[in-house]
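Here's the structure, in structure tokens; my notes come after.
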Amino acid sequence: MRTLVGLLTSNHALLQLEAARCLHELSHSEQSVVAEACLPATSYLLTYLSGHSSDFIELCLYTLGNLIVESETVRRQLLPQGIIPALAVCIQSPHVAVLEALGYALSQLLQAKEAPEKIIPSSILASTLPQHMLQLLQPGPKLNAGVAVEFAWCLHYIICSQVNNALLITYGALSTLGLLLLDLAGAVQRTEDAGLELLACPVLRCLSNLLPEAAVETMGGQMQLRDERVVAALFILLQFFLQKQPSLLPEGLWLLNNLTANSPSFCTSLLSLDLIEPLLQLLPVSNVVLTVLCNVAEKGPAYCQQLWPGPLLSSLLHILAFSDTEVVAQSLELLQLLFLYQPEAVQAFLQQSGLQALERHQEEAQLQDRVYALRQTALHR
């Protein structure tokens, strides 16, 4: 290591590069003792991040990222050495390869177990990194998919720490992510590129986790988007996932749940765009569909009237033939809301042998109370 550090700090550019490559190879080790053996080199790797060679900077960033993963000791040393200010300088680089390497190194730092308490509050959020990350996620001709993926995941780790999501919203995180969602929806309509899901996943997660920070209605100005555009874009992506990447459907549905949970206007968009039937088609994929429908029904009589008539009742009666307790419980909750706000639903339920469907579950301990309550509502409306 002494020899490598000596070569790394020599006046010969080729020797420096070879020494850095050796350190990079060592950094791939899964042994924390190897990462800690590289500690004498870390201050020099940081210093060289302000150099002129983009290839050398890229190599130093990937090496630092690998060392960060394996050792808390390395992370403890890098912070006082100034890794955050060094990364904040690198993020202004015009070189795509440098930005991707920076995104990798930063994501490793943000995933550290001590990050929410010791790194994100005092170092990351106190720096200019979040604002620059959001700039790199702005849709447009300058958006680079590889860079955007790295920094979308970085943003996701910061948001999940729940240190200060309100600050990210003031920086325009919702607006940027919302516009990026629209951009992704447009992209999947224009191309068959299956790599788009790499960016879609962190964007959906970021939006899902930011929305509960405040009431959705107060975020209208922050998002600077019309509700219908957001909902329409999300359904375009859901249809794309259904065909190309089913594993991402739950991510999209969870965002739809968070959009509709506290927002009558997003529920209105869902109804005005006639998206209830396409939503019901996703029932076999996830019971979050039922949660979304409950969100809509909870908004009152006007919303239940628009849910009715349609394919909803037949779908719910079909579900009552299942044995999955959780799904049946959600269906019963939705029916109770419909009966409360839309009396016509009760009559149709009785005519389509709804009471017989309920009998199947009346002996199940977890469902007995709900079944009884629904039966009473149906018979006494």
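From a predicted model like this one, the values you see are computed outputs, not experimental measurements. The figures that follow rest on heavy atoms only: side chains count, while hydrogens, waters and symmetry mates do not.
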Q | Leu379 vs Leu355, side chain to side chain contact (heavy atoms under 4.5 Å, CB included): CA-CA, chis, key distance, verdict | A | CA-CA 9 Å; Leu379 292 174; Leu355 291 179; 3.8 Å; yes
Requested in this report: Please assess Trp254 against Arg205 for the test side chain to side chain contact (heavy atoms under 4.5 Å, CB included), listing each intermediate value before the final yes or no.
Outcome: CA-CA 9 Å; Trp254 188 246; Arg205 288 190 185 183; over 6 Å; no
- Glu70/Val34 under side chain to side chain contact (heavy atoms under 4.5 Å, CB included): CA gap, chis, key distance, verdict: CA-CA 9 Å; Glu70 299 303 334; Val34 176; over 6 Å; no
Show the numbers, then the answer: is there a side chain to side chain contact (heavy atoms under 4.5 Å, CB included) between Tyr44 and Leu23? CA-CA 12 Å; Tyr44 300 106; Leu23 286 166; over 6 Å; no
Donor-acceptor pairs under 3.5 angstrom involving side-chain atoms of residues 87-104: please list them, not counting sequence neighbours.
from   : atom 1 : to    : atom 2 : distance (Å)
Gln92  : NE2    : Ala88 : O      : 3.3
Ser93  : OG     : His95 : N      : 3.1
Tyr104 : OH     : Asn66 : OD1    : 2.5

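Annotation for Gln239 and Pro278: closest pair NE2-CB, 4.5 Å, computed over non-hydrogen atoms. Annotation for Leu253 and Leu238: closest pair N-CD2, 4.0 Å, computed over non-hydrogen atoms. Scanning both residues, Glu364 and His361, for their nearest heavy atoms gives OE2-ND1, 2.7 Å. The shortest heavy-atom contact between Leu137 and Ala152 is CD2-N, 4.0 Å. The minimum heavy-atom distance between Phe322 and Val328, with the atom names listed, is O-CG2, 3.9 Å. Shown here for Ala35 and Ser71, the closest heavy-atom pair between the two residues is CB-CB, 4.0 Å.
Between the side chains of Thr176 and Gln138, at least one donor-acceptor pair of N or O atoms lies under 3.5 Å. No donor-acceptor contact under 3.5 angstrom links the side chains of Ser208 and Glu251, judged on distance only.
Criterion: ILVMFWY side-chain heavy atoms under 4.5 Å apart, direct or through other members. Under it, Leu180 and Leu198 are part of a common hydrophobic cluster. Leu106 is connected to Val147 through a chain of hydrophobic side-chain contacts under 4.5 Å among Ile, Leu, Val, Met, Phe, Trp and Tyr, so both are in one cluster. Transitive grouping of hydrophobic side chains (ILVMFWY, heavy atoms separated by less than 4.5 Å) brings Leu293 and Leu283 into a common cluster. Criterion: ILVMFWY side-chain heavy atoms under 4.5 Å apart, direct or through other members. Under it, Leu273 and Leu255 are part of a common hydrophobic cluster. By the rule that hydrophobic residues join a cluster once side-chain heavy atoms approach within less than 4.5 Å of another member, Val69 and Ile124 end up as members of separate clusters.
Here the side chain of Tyr157 pairs no donor or acceptor atom with the backbone of Ala115 at under 3.5 angstrom. A donor-acceptor pair under 3.5 Å is formed between the side chain of Ser161 and the backbone N or O of Ile158. With hydrogens and angles ignored, the 3.5 Å screen pairs a side-chain donor or acceptor of Gln77 with a backbone N or O of Leu39. Checked by atom type and distance alone, the side chain of Thr42 never pairs as donor or acceptor with a backbone atom of Cys38 at under 3.5 Å. One N or O on the side chain of Asn295 and one on the backbone of Asn257 form a donor-acceptor pair closer than 3.5 Å. In this structure, Gln16 contributes its side chain and Ser10 its backbone to a donor-acceptor pair below 3.5 Å. At distances below 3.5 Å, not a single donor-acceptor pair connects side-chain atoms of Gln336 with backbone N or O atoms of Leu332. Using a distance-only test at 3.5 Å, with no hydrogens or angles considered, a donor-acceptor pair links the side chain of Asn165 to the main chain of Ile159. A donor-acceptor pair under 3.5 Å is formed between the side chain of Ser53 and the backbone N or O of Phe56. At least one donor-acceptor pair closer than 3.5 Å links the side chain of Arg360 to the backbone N or O of Ala321.
Within the model, atoms CD of Glu72 and NZ of Lys118 stand 6.0 Å from one another, a figure rounded to the nearest 0.5 Å. From Leu136, atom CG reaches atom CD of Gln131 across 12.0 Å, with rounding to the nearest 0.5 Å. Put simply, OG on Ser314 and CD1 on Ile319 are 10.0 Å apart, with the number rounded to the nearest 0.5 Å. For the atom pair CD1 of Ile120 and SG of Cys160, the computed distance is 9.0 Å after rounding to the nearest 0.5 Å. How far SG of Cys206 is from CG of Leu211: 11.0 Å, rounded to the nearest 0.5 Å. We find the CG-CG distance between Leu270 and Leu256 to be 5.5 Å, quoted to the nearest 0.5 Å.
Contact annotation: the side chain of Tyr303 never approaches that of Glu298 to less than 4.5 Å [non-hydrogen atoms, C-beta and beyond]. No side-chain heavy atom of Thr63 sits less than 4.5 Å from a side-chain heavy atom of Arg21. Contact check for Leu204 versus Leu234: side-chain heavy atoms found under the 4.5 Å cut-off. Here the side chains of Leu49 and Leu64 are in contact, with some heavy-atom distance below 4.5 Å. Counting heavy atoms from C-beta on, the side chains of Arg75 and Gln108 never come closer than 4.5 Å. You'll find the side chain of Leu335 reaches within 4.5 Å of the side chain of Leu313, heavy atoms only. Between Leu26 and Leu4 there is a side-chain heavy-atom pair separated by less than 4.5 Å. Side-chain contact between Asn209 and His156: present, with at least one pair of heavy atoms (C-beta onward) separated by less than 4.5 Å.
The neighbour count for Glu30 CD, taken as heavy atoms of other residues, nucleotides or ligands under 6.0 Å away, does not exceed 12. The neighbour count for Gln362 CD, taken as heavy atoms of other residues, nucleotides or ligands under 6.0 Å away, is above 12. Applying the 6.0 Å contact sphere to NE2 of His318 captures no more than 12 heavy atoms from other residues, nucleotides or ligands. Atom CD of Gln347 is surrounded by 12 or fewer heavy atoms from other residues, nucleotides or ligands within 6.0 Å. Other residues, nucleotides and ligands contribute more than 12 heavy atoms inside 6.0 Å of the CD atom of Gln368.
Look at Glu114 and Arg76 and you find no salt bridge, because none of the NZ, NE, NH1 or NH2 atoms lies under 4.0 Å from a carboxylate O.
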